Number of protein chains: 2
Amino acid sequence: MRMNEGVEWALHSCLNLSWLEPGEAMTAARLAAFYDLPAAYLNKQLQALARAGILTSTPGPRGGFRLARAPERITLLDVVTAIEGATPAFRCEGVLRNGPGGRDDVDYAKLCVVSQSMHRAELAWRKELAGQTLADVKATVERRYPETPARTRSWFTSPRA
Amino acid sequence: MRMNEGVEWALHSCLNLSWLEPGEAMTAARLAAFYDLPAAYLNKQLQALARAGILTSTPGPRGGFRLARAPERITLLDVVTAIEGATPAFRCEGVLRNGPGGRDDVDYAKLCVVSQSMHRAELAWRKELAGQTLADVKATVERRYPETPARTRSWFTSPRA
DNA sequence: GAATGGATACTCGGATACGAGCTGTCCGAGTAAAATGGG
DNA sequence: CCCATTTTACTCGGACAGCTCGTATCCGAGTATCCATTC
C-alpha cells in the first residue's frame, strides 16, 4: 500500500498558497520551483485539486492557481481524496462470492465481516484526516516556525531566480 | 493508494484455518480452491504470514499451514503488516529539504507538520486494526452465520472434489 | 510378524515473467496583457 | 492624449511515453509416508 507522491506535493503547495495575499494566483511552474519538483507533473496534481473544487485556476498571463475557499474549510481529507480518488484502499473483491454457497446477488462488500472491519479502520483514518484543516496545519507551522510565512511569501514575490 | 489483494485472501484464509481442528494443517492449494484463487500466489502470501510468525508451515505429505497462535493473539494489523510491510503509506520524501533553507542534516519526516498530520491519521488506522483480533471477527461471523464453522470445516475435510 | 532401507509423492520456498498504474513529459487551446496604429 | 485592434506571450489542460511494483506462474529442496525386502 503506497500513497501517491503527489499528495505530499499538493498539501505543501496548498500551504504555500495560503500564505499569499488573498486573491493572488501562483503558477504551477513557480510552485514546483519552490521545491524543485517536475513542473508539468505538479501541474497535473493541481488540476486534480481544481477539479475537486479546492483550487481555482485561471489561464493566461497573471494566471495560476489560488485557494478556492478559506483554509478553515479545506480538510486534509479533501486534498487526499482529490489526488487519490474516493475508492477505498481495501477493496473487497468478494472472495466469498467464489466460495461454496456464494451467491451472485449478494453484496459481500457490505455483509462480509472482514470487509466491515477493514472498512471501519479506513473510516478512522478518514475521520482523523477530516478533523484536520489546512488552517490547523498552517497555524501549527506558524507557531513553531514564525518566520516561515514572510519568508515563503517573499520567495514567491521575488523576481525569478 | 491501493491495498494488496492478498490481504483479503490472507484474512479469510486465517479465518478458515481458525475453524479447523487445533493442530490440523491445510495446504495452500486447498485453501486457494475454497475461494477459487490462484494457488501459487496465495502460497506466496501465506509464506509472508509464516515469516511474520502468524502461521507455521510444515512441508511434505500431511503438511501445510496452521495458525501459529490462538486467534485471540492475532490482530488484523498483524496480518496487514505481514502482507503489506511495515512502511507507512504516506512516505514523507522531505520536499522541504529541496526547498529554500532546506538542510540535509534534518529529518523532515519527523519535523514536517504535514508529515506529522498524515502520520497521525495512519496511526489511527493502525490502532483500529490492532484493536480487532482474529477471534473478534471469528466470533462475529459465528454469531451472524452460525452454520459457517461446521460447513467450512466439512468442506475442508471432505474428499477432494 | 516386525524391523529396516529405499522409493515415492507431496508440500513449501524462492526465483522467474507479465501487466497495471503511478511517474514524468510534451504540445495545443484559450486568455489576458501589451504593443501598435489611428483618430 | 485616448481608444480600438492586432499581436504577443503566458497559462492551464489533456494526451502521450517510461518505469516501478503488484500479479501470476513455474520448478527445485526437503520431508513424512508407504512399500518392498529381509530377519
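Quick caveat: nothing in here was measured; it's all calculated off a predicted structure. The chains referred to below are lettered A, B, ... by the order of the sequence lines, with proteins before strands, and numbering in each begins at 1.
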Asks: For the side chain of A/P61, starting at C-beta, report the closest nucleotide among C/dT23, D/dT25, D/dA9.
Replies: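 It is D/dA9.
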Asks: Would A/D136 and A/T133 count as having a side-chain donor-acceptor pair, cut-off 3.5 Å?
Replies: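 Checked: A/D136/A/T133 side chains pair up, N/O donor to acceptor below 3.5 Å.
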Asks: Begin with the C-alpha distance, continue with both residues' side-chain angles, and end with the deciding distance and a verdict on ring pair (Phe, Tyr, Trp, His ring centres under 6.0 Å) for A/F90 and A/H119.
Replies: CA-CA 7 Å; A/F90 183 84; A/H119 187 67; 9.4 Å; no
Asks: C/dT23, C/dT31, C/dT11: which one has an atom nearest the side-chain heavy atoms of B/P59?
Replies: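 That would be C/dT11.
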Asks: I want to check one thing: is the phosphate of D/dG14, taken as OP1 and OP2, less than 4.0 Å away from some side-chain N or O of A/R51?
Replies: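 Looking at the OP1 and OP2 atoms of D/dG14, one of them is under 4.0 Å from a side-chain N or O of A/R51.
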Asks: Please report the distance, rounded to the nearest Å, between OH in A/Y35 and P in C/dG24.
Replies: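 In whole Å, C/dG24 P and A/Y35 OH are 17 Å from each other.
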Asks: Determine, using ring centers only, whether A/W9 and A/Y41 are less than 6.0 Å apart.
Replies: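 Aromatic pair counts; centres sit under 6.0 Å.
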Asks: The side chain of B/T27 lies closest to which of these nucleotides: C/dT11, C/dG13, D/dT25?
Replies: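 The answer is C/dT11.
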Asks: Does C/dC10 have OP1 or OP2 sitting under 4.0 Å from an N or O in the side chain of B/R62?
Replies: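 Negative; the distance criterion is not met.
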Asks: If you check the B/F65 side chain, which of C/dG13, D/dC12, D/dT25 turns out closest?
Replies: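 For the B/F65 side chain, the nearest candidate turns out to be C/dG13.
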Asks: Quick one: B/D36 CG to D/dA24 P, roughly how many Å, whole number?
Replies: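 So the CG-P distance, B/D36 to D/dA24, works out to 12 Å.
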Asks: Starting at atom OH of B/Y41, determine the distance to atom P of C/dG14, rounded to an integer number of angstrom.
Replies: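 Nearest whole value for this atom pair: 16 Å.
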Asks: Using whole Å, what does the distance between atom P of nucleotide C/dT11 and atom CG of B/L55 come to?
Replies: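 Result: 17 Å.
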Asks: What is the distance from CZ of B/R91 to C1' of C/dC22, rounded to the nearest Å?
Replies: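 That distance rounds to 11 Å.
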Asks: Taking only the side-chain heavy atoms of B/W9 (C-beta and beyond), determine which of C/dG24, C/dC12, D/dA24 contains the nearest atom.
Replies: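 Shortest atom-to-atom distance from the side chain points to D/dA24.
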Asks: Rounded to the Å, how far apart are B/N4 CG and D/dA24 P?
Replies: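 So the two atoms are 11 Å apart, to the nearest Å.
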Asks: As a test of reading the structure: which of C/dG24, D/dG13, D/dT31 is closest to the side chain of A/P38, going by heavy atoms?
Replies: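 Of the options given, the side chain of A/P38 lies nearest C/dG24.
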Asks: Decide, yes or no, whether a salt bridge links A/R126 with A/E128 under the criterion of side-chain N to carboxylate O below 4.0 Å.
Replies: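 A salt bridge is absent here (no side-chain N lies under 4.0 Å from a carboxylate O).
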Asks: Looking at D/dG13, I'd like to know if its phosphate oxygens (OP1 or OP2) sit under 4.0 Å from a side-chain N or O belonging to A/S57.
Replies: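 Result: yes.
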Asks: Of all the nucleotides listed (C/dG13, D/dT25, D/dC12), which has the minimum atom distance to the side chain of A/N43?
Replies: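 That would be D/dC12.
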Asks: Closest nucleotide of DNA chain D for A/R2 versus for A/K44: which of these residues is on the 5' side?
Replies: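 Residue closer to the 5' terminus by nearest nucleotide: A/K44.
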Asks: Roughly, in whole Å, what's the span from CG in A/L42 to C1' in D/dG13?
Replies: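 The answer, rounded to whole Å, is 14 Å.
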Asks: Taking any heavy-atom pair under 4.0 Å as a contact, classify B/A29: base, sugar-phosphate, or nothing.
Replies: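 Nothing, no heavy atom under 4.0 Å.
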Asks: Provide, to the nearest angstrom, the distance between the CD atom belonging to B/Q47 and the C1' atom belonging to D/dG30.
Replies: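 Rounding to the nearest Å, CD of B/Q47 and C1' of D/dG30 are 14 Å apart.
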Asks: In this structure, is the centre-to-centre distance between the rings of B/F34 and B/W155 below 6.0 Å?
Replies: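 Yes, the ring centres sit under 6.0 Å apart.
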